[in-house]
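Data block below; observations after.
All values below were derived from every heavy atom in this structure, side-chain atoms included, with hydrogens, water molecules and symmetry-related copies excluded. Just so it is clear, the structure is predicted and the values come from calculations on it, not from any experiment. First listed ligand is number 1; within each ligand, the first listed atom is number 1.
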Amino acid sequence: MQKQDIAHLAQEAKKSIQSAKTAAELEALRVRFIGRKDGEVTKLMKQLPALSVEDRRTVGPALNALKNEVEQLLTARVKDLADEADRRQAIDVTMPGKKVATGHLHPLTLVEREIRDVFKAMNFSVVEGPEVESEHYNFDALNIPANHPARDMWDTFWLATSDKRQATSKKNNMSHVADRLLLRTHTSPVQIRYMEQHQPPFQIVVPGRVFRYEATDASHEINFYQVEGLMVGKDVTLANFKFVIGEFFKRLFKKDVSIRLRPSYFPFVEPGLDVDVECVKCGGKGCNICKDSGWLEVMGAGMVHPHVFEAAGYGPHEYQGFAFGLGLERIAMIKYNIPDIRLFYSGDLRFIKQF
Ligand code: YSA
């Protein structure tokens, strides 16, 4: 047995192991080279006793090294084949895809965005204001002085005052430091904040969260959303309001809807109105949503009171304008036929995912 034979065998083993394509081929190669009975390396080992002591000293370790090398090459190739199979599977375009769980917009977000877009298309600007308000902006400047019975219309979450109070008041441009703080009960205070900083003509909408300390039921929450509207100029009239709001509902509900204005009372408007839309579900015939009346009350509105203009720093008779405040949940309930306002805040994904 020559050293070259061993080297030749090593080369042969390496070549065939590298080109093996399956586990079965590799097993056959294992048997061929290092199989216990007839493996080519094994057979050479069996010839060792016939060699001279001198040759055994060099050939023995060389054969052992060859056996080890073949074993290592086989193990490495088995692993390579397994990795290749995994990789092929990873890009197997015929495998069914895995569904990625994505987030979902809340129905109130969807409706709020739609309302913003409708008003923006009618040249209104969208502005926002703080949820923590002062008594001045939420009530006094809106012609609702302390002890006025109209304050009972808005059950209020009052906030405990603290040393930081003065700093907060300053930061939020609340010069009326004697005021108590509260969670705003409506978006109307933003009317004053905006008018303090801007001169007419302008038209704005103000979406935002409001809070009321009252019992919840199918149509009342303690935390809900409103969208305020305000249009002021030299000659803005109630006729402008009727057109704008009619156009708004037509665009939002994507069909012609009749609206009805009824006299109502809010201290910050004169005259004051409640606005009804023809029930979008039954078309005015009467159903469970409109409680058989054919109409749905959706907002309060009116012509801005001169006292409000004065509180904002305008002359009382310098300008005129209309304002309105709608309940976002009520609009969403009509649009999507939702029977109970509390579903919006239930956190139940079965509800949310329907929109
Ligand atoms: C009126 C005249 C204006 O010139 C400007 C604005 C307003 C609206 C006034 N600030 C206001 O808050 N009126 S309101 O108490 O009648 O509420 C307006 C709308 O909010 C209601 O028509 C209703 O849709 C909704 N709303 C009231 N309380 C609610 C509520 N939605 C859910 N839960 C409650 N607890």
Which atoms of ligand 1 sit under 4.0 Å from any heavy atom of [X]?
X	result
Gly327	19 (C), 20 (O), 24 (O), 25 (C)
Trp154	11 (C), 12 (O), 15 (O)
His220	33 (N), 34 (C), 35 (N)
Arg212	11 (C), 12 (O), 14 (S), 15 (O), 17 (O), 27 (C), 28 (N)
Glu228	5 (C), 6 (C)
Glu214	34 (C), 35 (N)

Do the charged groups of [X] and [Y] touch, with an N to O distance under 4.0 Å?
X	Y	value
Asp117	Arg113	no
Lys254	Glu114	yes
Arg184	Glu128	no
Glu297	Arg262	yes
Lys250	Glu247	yes
Arg342	Glu221	no

Going by heavy atoms, is [X] under 4.0 Å from ligand 1?
X	answer
Phe322	no
Ser219	yes
Met153	no

Please report which non-hydrogen protein atom sits nearest to [atom], along with the residue it belongs to and the distance in Å to one decimal place.
atom	answer
atom 21 (C) of ligand 1	Arg330 NH1, 4.2 Å
atom 9 (C) of ligand 1	Phe268 CZ, 3.9 Å
atom 33 (N) of ligand 1	Glu221 N, 3.0 Å
atom 20 (O) of ligand 1	Gln226 NE2, 3.3 Å
atom 16 (O) of ligand 1	Phe266 CE2, 4.0 Å
atom 4 (O) of ligand 1	Val269 CG1, 3.0 Å
atom 34 (C) of ligand 1	Phe224 CE2, 3.4 Å
atom 8 (C) of ligand 1	Gly325 CA, 3.8 Å

Using heavy atoms and a threshold below 4.0 Å, how should the contact between [X] and ligand 1 be classified: side chain, backbone, both, or neither?
X	answer
Ser188	side chain
Ile341	side chain
Gln191	side chain

Just checking Phe119 against Phe324, ring centres under 6.0 Å apart?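 Yes, they do, as the ring centres are separated by less than 6.0 Å.
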Determine whether the aromatic ring centres of residues Phe157 and Phe211 are separated by less than 6.0 angstrom.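 When the ring centroids of Phe211 and Phe157 are compared, they turn out to be at least 6.0 Å apart.
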Under 3.5 Å, side chain of Thr109 to main-chain N/O of Leu105, donor-acceptor pair present?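 Here the side-chain-to-backbone pair does not exist.
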Centre of Phe253's six-membered ring, under 6.0 Å away, within 45 degrees of the axis: is that where NZ or CZ of Lys335 sits?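 Verdict for Phe253: no cation-pi partner in Lys335.
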Is the NZ or CZ atom of Arg193 both under 6.0 Å from the centre of the six-membered ring of Tyr137 and within 45° of that ring's axis?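 That pair qualifies as a cation-pi contact.
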Using the rule ring pair (Phe, Tyr, Trp, His ring centres under 6.0 Å), only one of His186, His148, His307 pairs with Phe268; which is it?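 Looking at His186, His148, His307, the match for Phe268 under the ring pair (Phe, Tyr, Trp, His ring centres under 6.0 Å) is His186.
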